[in-house]
Amino acid sequence: MLFNSLHFLVFFTLVTTLYYSIQAKFRWILLLVSSAYFYASFIPVYLLILSVIILTDYFAGLWIEKAVGRKRRYLLIISLVVNISFLAFFKYFDFINANISALLGVAGTNHRIPALKDYFPMIALPIGLSFHTFQSMSYTIEVYRGNQRAERHFGIYALYVLFYPQLVAGPIERPQNVIWQFHKNMEYCPENLKAGLWMIIWGMFKKVVIADRLALVTDDAFGAVADQNGSTLLIAVFFYCFQIYCDFSGYSDIALGTARAMGFKLMTNFESPYFSASVSEFWKRWHISLSTWFRDYVYIPLGGNRKSKIRVYFNLMVVFLLSGLWHGADWKFVIWGGIHGVYLILAQVFKSRPNPQAEKGIIKILNIGWTFVLVAFAWIFFRAVNISDAFVIIGKILTLADYSAPALAINNAELIFCLVLIFLLMYKDYYFPDYVPPKRRFWISAFAFSFLCYLFGVFTSNQFIYFQF
C-alpha cells in the first residue's frame with residue numbers, strides 16, 4: 001500500500017494503537033504479520049521471494065557464527081550469491097540479455113536470446129527488492145565481521161527484513177541499529193508519538209504538495225523533449241531536483257515517523273543535501289543509508305583511500321557505477337553514477353589545502369550553487385526517458401537561441417506557487433531541519449499542515465519514485 005493513501009492511514013492508526021494495547025511479548029508477532037500484509041498489498045506472491053531470502057540469511061548467520069576458518073567465508077559467499085541472484089534475475093536479466101544480443105548483432109550473429117518477459121510476461125520487479133536484499137546482505141556481512149551476533153529468534157530476524165516502515169524504499173538499515181530495538185519493550189511515550197506524527201505529516205506535505213505538484217511540469221516536459229524549448233526544459237530540470245528530493249525524503253520522513261510513533265529509531269536518510277558545498281558533501285547528505293552501505297561494503301573492502309591515487313580513483317568509479325546500476329537496469333543510470341564518480345575523482349585530482357574562508361560567506365554560497373548545478377546536470381540522465389533524450393535536453397538548454405517563453409503544463413500562478421513552495425522547503429531545511437512544533441501548538445500545527453495537504457495536495461496516489469528501484 002502507498003503511504004499517500006487512505007488505506008495506509010487506517011493501517012498505521014490500527015497497527016500503532018494495537019502495538020501499545022497488547023503485551024510486549026506479542027508485539028513482534030503484530031509487527032511481523034502487519035508488515036507481511038503491508039507488502040502483500042502490492043503483489044502477494046512476492047512474499048515468497050522475501051521468505052527465501054529471510055530463511056537463507058537467518059541460517060547463514062547462525063552457521064557463520066559457529067563456523068571457523070574458510071568455512072565462514074564460504075557460507076558468507078553462499079548467502080551473498082543467493083541475494084544477488086534474486087536481484088540479478090528479476091532486475092538485470094533482460095538488461096544483460098539485451099546487451100548480449102546487441103553485441104552478437106555487432107558481431108554479425110542474428111541469434112536473439114529470449115527475454116524473460118517473453119516467456120513470463122506476468123513477472124515484474126518486486127517492489128523494494130534492491131532495498132531489502134541490501135539490508136539482508138548487511139546482516140550476514142556484519143555477523144561475518146563479528147560486529148553483530150547472529151539472531152536466534154527467527155521472528156525477530158524476519159521482522160528486521162520485513163519491518164514495514166522501511167521495507168520498500170529504505171532507509172537500508174544495519175542490524176546493529178534495529179534488531180536490539182525489536183527485543184526491547186517500548187513504553188508508550190507521548191513525545192515519540194508526537195515527533196513521529198510530525199515527521200509523517202511533513203513527509204506527506206513534501207510528497208503530495210510539493211513533489212507531486214512539480215511532477216505536473218517534469219512529467220510533461222521530460223515526456224516529450226522534442227516538443228519543448230530550452231527554457232521549458234531548464235525549468236523542468238530545476239523542478240526535478242526538488243521533485244525527487246521531496247518525493248524520496250518525504251518517503252523517508254514518513255518511514256522514520258511511522259517507526260518513531262512506536263518508539264523505534266531508524267537512521268536518518270537525508271540532511272539538507274542541496275546545501276552541500278561539494279559533491280562529496282552531497283553524498284554525505286543524500287540517501288545516506290545507501291551511500292554508507294557502498295562505503296562500508298564496497299569502497300573500504302576495495303582498499304578505500306588507503307591505496308595509491310590511481311587505485312583510489314578506480315575504487316570511487318566502481319562504487320558510483322555500481323550505485324548507478326543499483327538504481328536501475330539501464331545505461332542512463334550507469335552514466336548518472338559515472339558522472340558523480342568523475343566529479344569525485346576530479347575533486348581528488350585538484351584537491352587543495354583546507355581554506356577556512358571557503359566555509360563561510362560568499363565563497364561558500366558560490367560552492368553550494370556550483371554543487372547544485374553539477375548535481376542538477378547529472379539528474380538529467382537519471383530522469384530522461386533514455387540517453388538520447390538526455391542529450392537533446394542538454395543541447396536545448398545550452399542553445400541560447402532556443403529560449404522562447406516556456407510552455408509549461410501549469411499556469412503562471414501555479415508556477416509562482418511552486419517557486420514559493422521550493423523557497424519554503426529550503427528555508428526550513430536551512431533554519432529548522434529538525435523542527436517539531438512545541439507542545440502547546442503541536443496539535444494545531446499538525447491539523448493545519450494536514451489541512452494544507454488536503455487543500456493543496458495533488459492527490460493522485462502517485463507511486464513514490466524510488467519504489468521502482
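All values reported here derive from a predicted model rather than from experimental measurement. These numbers come from the heavy atoms of this one structure, side chains and all, not from hydrogens, waters or symmetry mates.
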Side chain to side chain, [X] and [Y], heavy atoms closer than 4.5 Å:
{"X": "D389", "Y": "F222", "answer": "no"}
{"X": "N315", "Y": "V319", "answer": "no"}
{"X": "E142", "Y": "Y297", "answer": "yes"}
{"X": "L452", "Y": "M204", "answer": "no"}
{"X": "Q348", "Y": "L344", "answer": "no"}
{"X": "I84", "Y": "M137", "answer": "yes"}

If the plane angle is over 60° it's perpendicular, under 30° parallel, otherwise tilted; pick one for [X] and [Y].
{"X": "W28", "Y": "H153", "answer": "perpendicular"}
{"X": "H340", "Y": "Y343", "answer": "perpendicular"}
{"X": "F38", "Y": "F3", "answer": "tilted"}
{"X": "Y431", "Y": "Y427", "answer": "tilted"}
{"X": "F134", "Y": "W293", "answer": "parallel"}
{"X": "W202", "Y": "F449", "answer": "perpendicular"}
{"X": "W286", "Y": "F282", "answer": "parallel"}
{"X": "F248", "Y": "F270", "answer": "perpendicular"}

If you count heavy atoms of other groups shown closer than 6.0 angstrom to [atom1] of [X], is the number above 12?
{"X": "F447", "atom1": "CZ", "value": "no"}
{"X": "Y435", "atom1": "OH", "value": "yes"}
{"X": "Y20", "atom1": "OH", "value": "yes"}
{"X": "Y92", "atom1": "OH", "value": "yes"}
{"X": "R152", "atom1": "CZ", "value": "yes"}

Legend entry - Result of checking D219, D330, D247 against R383 for salt bridge (charged side-chain N to carboxylate O under 4.0 Å, His left out): D219
Inset, instruction - State plainly whether the residues D296 and R174 are in salt-bridge range, i.e. N to O under 4.0 Å. - result: yes
Inset, instruction - Run the salt-bridge test on D434 and K428 with the 4.0 Å N-O cut-off and return the result as yes or no. - result: no
Inset, instruction - Please answer whether the main-chain N or O of H132 pairs with a side-chain N or O of S136 as donor and acceptor at a distance below 3.5 Å. - result: yes
Legend entry - Donor-acceptor pair, side chain of S278 and main chain of E281, under 3.5 angstrom: yes
Going by atom types only, do [X] and [Y] share a side-chain donor-acceptor pair under 3.5 Å?
{"X": "S138", "Y": "Y160", "result": "yes"}
{"X": "D57", "Y": "S79", "result": "yes"}
{"X": "W331", "Y": "N99", "result": "yes"}

Inset, instruction - Can you sort out the partners of R27 under side-chain hydrogen bond (donor to acceptor under 3.5 Å, both in side chains), two or more places apart, ordered by chain and number? - result: N185
Legend entry - Centroid-centroid under 6.0 Å between Y139 and Y58 rings: no
Inset, instruction - Check whether the ring centres of W326 and F131 lie less than 6.0 Å apart, and answer yes or no. - result: yes
Legend entry - Derivation and outcome, side-chain contact (heavy atoms from CB on, under 4.5 Å), residues F11 and V15: CA-CA 6 Å; F11 171 82; V15 171; 3.8 Å; yes
Legend entry - Verdict with reasoning, D429 to R285, per salt bridge (Lys or Arg N to Asp or Glu O under 4.0 Å): CA-CA 12 Å; D429 268 8; R285 294 167 172 252; over 6 Å; no
Legend entry - side-chain contact (heavy atoms from CB on, under 4.5 Å) evaluation trace for F59 with Y157: CA-CA 10 Å; F59 287 107; Y157 175 72; over 6 Å; no
Legend entry - Worked verdict on T371 versus Y274 for side-chain contact (heavy atoms from CB on, under 4.5 Å): CA-CA 8 Å; T371 300; Y274 289 139; over 6 Å; no
Legend entry - Of L47, I53, V45, V52, the residue whose pairing with I49 passes side chain to side chain contact (heavy atoms under 4.5 Å, CB included): I53
Inset, instruction - Apply the test side-chain contact (heavy atoms from CB on, under 4.5 Å) to residues F442 and S445: give CA-CA distance (whole Å), side-chain angles for both, the deciding distance (0.1 Å), then the verdict. - result: CA-CA 5 Å; F442 177 82; S445 301; 6.0 Å; no
Legend entry - Closest non-hydrogen atom pair between F239 and T218, with its separation: CB-CG2, 3.9 Å
Inset, instruction - Measure from NZ or CZ of K71 to the centre of the six-membered ring of W63, then state whether that distance is under 6.0 Å and the direction lies within 45° of the axis. - result: no
If you look only at distance, which donor and acceptor atoms sit under 3.5 Å apart when one is on a side chain in residues 163-173 and the other is two or more places apart or in another chain?
unit_1: Q166; atom_1: NE2; unit_2: Q135; atom_2: OE1; d: 2.8
unit_1: Q166; atom_1: NE2; unit_2: P171; atom_2: O; d: 3.1
unit_1: E173; atom_1: OE1; unit_2: N177; atom_2: ND2; d: 2.8
unit_1: E173; atom_1: OE2; unit_2: N177; atom_2: ND2; d: 3.2
unit_1: E173; atom_1: OE2; unit_2: M267; atom_2: N; d: 2.6

Inset, instruction - Kindly state each residue pair satisfying salt bridge (Lys or Arg N to Asp or Glu O under 4.0 Å) with at least one member in residues 249-262, sequence neighbours excluded. - result: K206-D253
Legend entry - Result of checking F95, F320, F382 against F333 for ring pair (Phe, Tyr, Trp, His ring centres under 6.0 Å): F382
